[in-house]
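Here is the structure we will look at.
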Amino acid sequence: MKHYDPKTLEAEAQQFWADERIFEVDEDPGRESYYCLCMFPYPSGKLHIGHVRNYTIGDVISRFKRMQGMNVLQPMGWDAFGMPAENAAIKNNVPPAAWTYQNIDYMRSQLKLLGFGYDWKRELATCKPEYYRWEQWLFTRLMKKGIAYRKTAPVNWCPVDQTVLANEQVIEGRCWRCDSEVERREIAQWFLKITDYADELLADLEQVDWPEQVKTMQRNWIGRSEGMEVEFEVPGRESLMVYTTRPDTLYGATFMAIAAEHPLALAAAAQNPQIAEFVESCRKTKTSEAALEKMEKLGMALGIDAVNPVNGESIPIWIANFVLMGYGTGAIMSVPAHDQRDWEFARKYGIDIRQVVEPLDASTVDLEQGAFVTKDGRSCNSDLLNGLEFGAAFDAIANKLEADGKGQRQVNYRLRDWGVSRQRYWGAPIPVINCDSCGMLPVPESDLPVVLPEDVEFEGIGSPIKRMDSFKKVNCPQCGGAAERETDTFDTFMESSWYQERFTCPDQGSAMLDQRADYWSPVDLYIGGIEHAILHLLYARFYHKLMRDEGLIASNEPFKRLLTQGMVLKDGSKMSKSKGNTIDPQDLIDRYGADTVRLFIMFASPPEQSLDWSDTGVEGAYRFLKRLWTAVQQHVAAGQAGSADTDGELNDAQQAMRRKLHETIRKVTDDYERRLTFNTAIAANMELLNSLVRFDDVSGSGHKIRQEVFDSMVLMLAPIIPHVCHRLWLDLGHDSLIIDHPWPQVDASALVQESIEMVIQVNGKLRGKIQVDVDADRGSCEAAALANEQAARFIGDSPIRKVIVVPGKLVNIVV
RNA sequence: GGCGGGAUGGUGGAAUUGGUAGACACGCUGGAUUCAAAAUCCAGUUCUGGCAACAGAGUGGGGGUUCAAGUCCCCCUCCCGCUACCA
């Protein structure tokens with residue numbers, strides 16, 4: 001008997017798939033399409049376990065859908081721009097482009113070794129001009145529509161390296177390379193008006209089949225709120241505009257807080273050295289939300305008052321380090337009694353805390369302990385609002401302020417416009433030319449793409465194209481005079497926001513997309529890490545709508561169904577190069593073969609759950625494959641089933657074997673289709689194999705049943721362990737292709753049972769088991785349970801208070 | 001700080017709609033096979049007590065609802081992800 005030899009068998013199967021171009025697919029309007037997409041990788045060097053998990057899930061589903069008769073597209077490509085290439089370039093003295101292309105070549109070979117069924121003719125890399133030119137093209141269209149615009153926004157600035165740092169590059173407030181203290185600096189950047197689409201992004205979440213937790217995170221991130229914009233006059237100066245969701249608490253406003261970069265603060269700083277010093281110190285904070293919220297809240301009184309529009313009261317204006325100029329109006333009103341952050345600030349600086357909302361149940365509130373934040377309250381100390389609950393108070397004050405011209409109702413979003421400028425080299429150039437006389441102009445369509453020079457000296461400090469005249473110096477497309485190119489590049493989320501569409505027509509040279517996109521789109525199932533639940537998925541949804549509004553695509557949403565894979569952790573935290581805790585799957589592939597690696601990672605846990613990596617147990621997966629192989633080979637060696645004695649009734653063991661098989665098919669199909677839990681699908685097949693090994697019926701009927709079980713089992717496992725199943729299918733005597741063989745069907749007649757087991761409980765504790773007819777009624781179940789000896793022991797002479805019968809499950813006797 | 005998620009034997013996990021907790025594996029223990037080892041096969045394996053039959057306890061901690069709670073509700077602890085320039 002041949003022994004299980006994964007190396008040879010996997011190479012043969014892969015060769016066959018490649019030679020026959022099995023996974024290359026075309027549009028076929030006559031067939032139902034299924035587009036299965038995994039988040040493409042950043043080419044960081046080699047695959048890590050998280051990739052293997054992600055791409056195995058995608059391949060399993062793709063192969064399953066294909067066996068169900070669908071025209072399945074499963075493409076793969078490279079999210080090839082990004083910071084790690086720049087870091088590697090500095091470290092190894094290779095240009096980012098060369099490093100990236102090397103990594104792509106190696107990682108592609110790894111993906112091929114794992115046997116993933118990709119349509120490689122659609123492969124793309126986002127760092128190629130033929131890809132990013134369309135992103136540049138769309139951006140120029142968006143400039144003309146006013147969706148792309150320029151404004152200032154804060155960045156982390158290293159004063160020594162004279163460069164912008166990513167949040168990741170700021171370690172405890174210091175530059176990761178030179179350890180100098182990082183400052184916040186406002187610079188002009190390009191933005192996309194995602195806020196114009198906020199309502200649609202919110203509403204369309206109803207249309208997608210995504211995990212509820214992801215939809216919740218997106219809703220919270222968008223953060224729609226209904227509030228008011230209110231004007232506070234500042235005598236002798238420009239008034240302050242603030243947004244508040246709690247205009248009902250206006251009578252409790254005891255101070256205003258403004259950003260350090262606010263014009264009012266800057267003006268005061270020019271007069272007062274102490275204020276200037278404070279303003280300066282406010283720049284020593286990171287830009288990240290987490291850092292901003294966790295830092296000590298500091299402030300300084302400006303010595304200027306604003307006038308509360310509802311009661312004419314003068315309240316002090318403070319500069320506060322937690323208010324940022326770039327977000328909202330750069331000013332807020334503060335109500336310490338009813339906002340926890342304001343409360344803490346007021347306590348620290350001895351500012352009045354004035355209660356203007358009381359509990360509905362008329363209990364008292366201890367404002368010494370903290371703010372009373374809820375909207376479930378009634379206004380007090382608020383003049384015309386007194387006694388009103390939130391909704392009524394809101395309307396009353398809104399009407400008054402609108403009548404007085406001091407404010408208006410406004411819907412606001414927590415979501416901010418998408419800043420797409422990066423001051424880095426390894427990204428797609430922003431297609432803009434700045435002319436002193438004509439201003440910022442989009443690069444004309446005929447001049448696209450703006451190609452990023454790849455052959456550069458990369459020193460690390462600053463982007464090389466920022467000092468490269470051959471790149472920078474151009475003639476103005478409008479007046480023809482000397483002008484300069486924009487040297488910032490796009491956020492890499494731009495590339496990953498539309499690749500799913502480009503995969504449908506990657507060879508289209510004269511347009512961003514063509515009609516093929518509407519055949520495949522939207523993606524039927526998108527699979528990727530839960531860490532992308534907000535940013536990437538929100539930007540991709542937004543970008544899809546931009547492409548739709550440009551007439552490029554018909555659908556509203558890019559991803560119909562979403563499977564968020566849990567993270568693969570190592571020692572309890574995210575794997576990353578910087579932590580040096582990445583796991584290379586290559587050793588496992590070399591030692592056991594691709595099928596073992598695929599089987600093990602799918603068996604280890606359900607896809608949505610995070611998985612702390614450990615490779616104990618890989619042996620078990622390998623052992624199962626050997627057992628399966630051996631069992632099939634022994635069956636095949638036993639020869640063809642005799643047909644003479646197969647016509648009669650099946651005996652009990654034979655019926656039980658067939659029932660087990662068809663119960664397994666039913667369960668496994670549901671696991672693949674609805675639950676997406678491959679670990680339980682595998683476990684069910686392990687059980688089935690265990691049952692089959694114990695089924696030692698050597699009759700013709702027995703052999704025939706064994707053939708049926710092996711055929712079905714190999715079909716059910718083929719998506720997970722495709723190489724060995726490809727081979728076993730042939731060994732089982734078939735000359736068809738397993739990859740296109742229909743998925744096994746449940747034979748309902750095999751599931752029929754005459755009697756079932758029911759559990760007897762006494763006071764909810766398991767005390768015995770009985771066999772009853774399938775169609776036994778409640779009364780006979782109850783009678784059988786009460787007649788049971790075991791149960792009787794526990795009932796003793798206690799009176800029976802109640803008997804609960806759950807048909808087909810259990811009888812609970814309450815005494 | 002905010003938002004989202006998680007915690008079940010020595011380990012990974014199962015229990016799908018409130019109904020038998022621990023399926024299926026890993027590991028471990030014992031046995032068979034072998035000159036020996038590897039591989040393979042068989043048996044056992046939640047904890048406590050007991051030779052056993054069996055009994056009691058048990059799903060991060062505390063409370064609650066229910067005939068019945070890993071599952072539902074309230075409070076708490078710890079861990080993970082995201083937090084707008086990591087991807």
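Convention: sequence-line order gives letters A, B, ...; per-chain numbering from 1. Worth knowing before you read on, the calculation uses all heavy atoms, side chains too, and leaves out hydrogens, waters and symmetry mates.
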Using atom C1' of each nucleotide, how far apart are B:rU45 and B:rG62 to the nearest Å?
32 Å
Do the rings of A:W498 and A:Y131 sit parallel, tilted or perpendicular, given the 30° and 60° boundaries?
parallel
Which is true for A:R694 with a 4.0 Å heavy-atom rule: it touches a base, it touches only sugar-phosphate, or it touches nothing?
nothing
Roughly how far apart, to the nearest Å, are B:rG12 and B:rG5 at atom P?
22 Å
Looking across every strand, which nucleic acid part, if any, lies under 4.0 Å from A:N167 by heavy atom: base, sugar-phosphate, or nothing?
sugar-phosphate
Secondary-structure string, 5' to 3', Watson-Crick or G-U under 3.5 Å, | for another-strand partners, for RNA chain B
(((((((..(((......[....)))((((((.......))))))((((....))))..(((((..]....))))))))))))....
Ion pair check, A:R591 and A:E619, cut-off under 4.0 Å:
no
Parallel, tilted or perpendicular: which one describes the rings of A:W99 and A:Y42, with boundaries at 30° and 60°?
tilted
Which is true for A:V759 with a 4.0 Å heavy-atom rule: it touches a base, it touches only sugar-phosphate, or it touches nothing?
base
Where the side chain of A:T216 is concerned, which of B:rA15, B:rA23, B:rG4 is the nearest nucleotide?
B:rG4
Return no unless some side-chain N or O of A:R422 is found under 4.0 Å from OP1 or OP2 of B:rA84.
no
Quiz question: going by heavy-atom distance under 3.5 Å, is there a donor-acceptor pair between the base of B:rU16 and the side chain of A:R674?
yes
Output the single nucleotide from B:rA87, B:rG19, B:rA14 whose closest atom is nearest the side chain of A:T680.
B:rA14
Rounded to whole angstroms, how far apart are CG on A:L625 and P on B:rA39?
16 Å
hbond_proxy A:Q423 side chain to B:rC85 base (donor-acceptor, 3.5 Å cutoff):
yes
Integer angstrom distance from the P of B:rG64 to that of B:rA68
13 Å
For a quick check of understanding: with a heavy-atom distance under 4.0 Å over all strands, which category does A:F322 fall into, base, sugar-phosphate or nothing?
nothing
To the nearest angstrom, the CZ-C1' distance between A:R801 and B:rU66 comes to 12 Å
Take atom C1' in B:rA21 and the same atom in B:rG9, then report the distance between them in whole Å.
11 Å
A:K626 vs A:A621, nearer the 5' end of RNA chain B by closest nucleotide:
A:A621
What's A:Q189 touching, base or sugar-phosphate or nothing? Going by heavy atoms closer than 4.0 Å.
base
Should the ring pair A:F559 and A:Y526 be called parallel, tilted or perpendicular, given that the plane angle runs from 0 to 90° and is split at 30 and 60?
parallel
Name the residue from A:W190, A:Y539, A:Y149 that meets the ring pair (Phe, Tyr, Trp, His ring centres under 6.0 Å) definition with A:W418.
A:Y539
Below 3.5 Å, does any donor atom in the side chain of A:N220 face an acceptor in the base of B:rC3, or the other way round?
no
Please state whether the rings of A:F81 and A:Y132 are parallel, tilted or perpendicular, taking 30° and 60° as the class boundaries.
tilted
Atom NZ of A:K466 with >12 non-hydrogen neighbours under 6.0 angstrom:
yes
Relative to its sugar, using the 90° cut-off around 0, the base of B:rG27 is anti
In whole Å, measure the gap between the C1' atoms of B:rG13 and B:rG63 for me.
29 Å
For B:rG58 and B:rG6, measure between their P atoms and round to the nearest Å.
24 Å
Check the distance between B:rG13's P and A:M686's CE and give it to me in whole angstrom.
15 Å
Nearest whole Å is fine: how far is B:rG19 P from A:K769 NZ?
17 Å
Contact class for A:V155 (heavy atom, under 4.0 Å): base, sugar-phosphate, or nothing?
base
Does A:L415 reach a base, just sugar-phosphate, or nothing at all? Heavy atoms under 4.0 Å.
base
Taking everything shown except A:Q753 itself, do over 12 heavy atoms lie less than 6.0 Å from its CD?
yes
Looking at every strand, decide which applies to A:D79 at a 4.0 Å heavy-atom threshold: base, sugar-phosphate, or nothing.
sugar-phosphate
A:D339 CG to B:rG2 C1': how many Å, rounded?
13 Å
Measure up the A:F345 and A:F322 rings against each other and bin them: parallel (under 30°), tilted (30 to 60°), perpendicular (over 60°).
perpendicular
Applying a 4.0 Å non-hydrogen cut-off, can you work out what A:K294 is touching in the nucleic acid: base, sugar-phosphate, or nothing?
base
Closest to the A:S605 side chain: B:rG13, B:rA87, B:rU16?
B:rG13
Can you find an N or O donor on one side and an acceptor on the other, under 3.5 Å apart, linking the side chain of A:E531 with the base of B:rC86?
no
Classify the nucleic acid contact of A:T492 as base, sugar-phosphate or nothing, counting any heavy atom under 4.0 Å across all strands shown.
sugar-phosphate
Need one value for A:F493: base, sugar-phosphate or nothing, where a base atom within 4.0 Å counts as base even if backbone is also close, heavy atoms only.
base
Can you tell me the distance, in whole Å, between the CD atom of A:Q213 and the C1' atom of B:rC3?
11 Å
At less than 4.0 Å, is any side-chain N or O atom of A:R623 found next to OP1 or OP2 of B:rC26? Yes or no.
yes
For the P atoms, the ones on B:rC74 and on B:rU65, what distance do you get once it is rounded to whole angstrom?
15 Å
Reckon A:N690 has a side-chain N or O less than 4.0 Å from the OP1 or OP2 of B:rA25?
yes
At 4.0 Å (heavy atoms only), tell me whether A:W221 reaches a base, stays on the sugar-phosphate, or touches nothing.
base
Reading RNA chain B from 5' onward, which residue's closest nucleotide shows up sooner: A:A683 or A:D491?
A:A683
For nucleotides B:rC26 and B:rU46, find the distance between their P atoms and express it as a whole number of Å.
16 Å
Below 4.0 angstrom, N of the basic side chain to O of the carboxylate: do A:K193 and A:D417 qualify?
no
Between A:K574 and B:rG81, is there a contact of a side-chain N or O with OP1 or OP2 at under 4.0 Å?
no
In terms of side-chain geometry, is the basic nitrogen of A:K348 or A:E296 positioned less than 4.0 Å from the acidic oxygen of its partner?
yes
In whole angstrom, what separates A:L599's CG from B:rG12's C1'?
14 Å
Is the phosphate of B:rA57 approached by A:K765 (side-chain N or O, under 4.0 Å from OP1 or OP2)?
yes
Just how far, in rounded Å, is P of B:rU20 from CD of A:Q771?
17 Å
Candidates B:rC3, B:rC85, B:rA87 - which lies nearest the side chain of A:P84:
B:rA87
Under 4.0 Å between any heavy atoms, over every strand shown, what does A:F603 touch: base, sugar-phosphate, or nothing? Just pick one.
base
Which listed nucleotide (B:rC26, B:rA87, B:rG12) is nearest to the side chain of A:T616?
B:rC26
Any A:R627 side-chain nitrogen or oxygen under 4.0 Å from OP1 or OP2 of B:rC41:
yes
Does the side chain of A:Q609 get closer than 4.0 angstrom to OP1 or OP2 of B:rG13 through an N or O atom?
yes
So what does A:P41 hit on the nucleic acid, given a heavy-atom distance under 4.0 Å: a base, only sugar-phosphate, or nothing?
nothing
Do the rings of A:H51 and A:Y55 sit parallel, tilted or perpendicular, given the 30° and 60° boundaries?
parallel
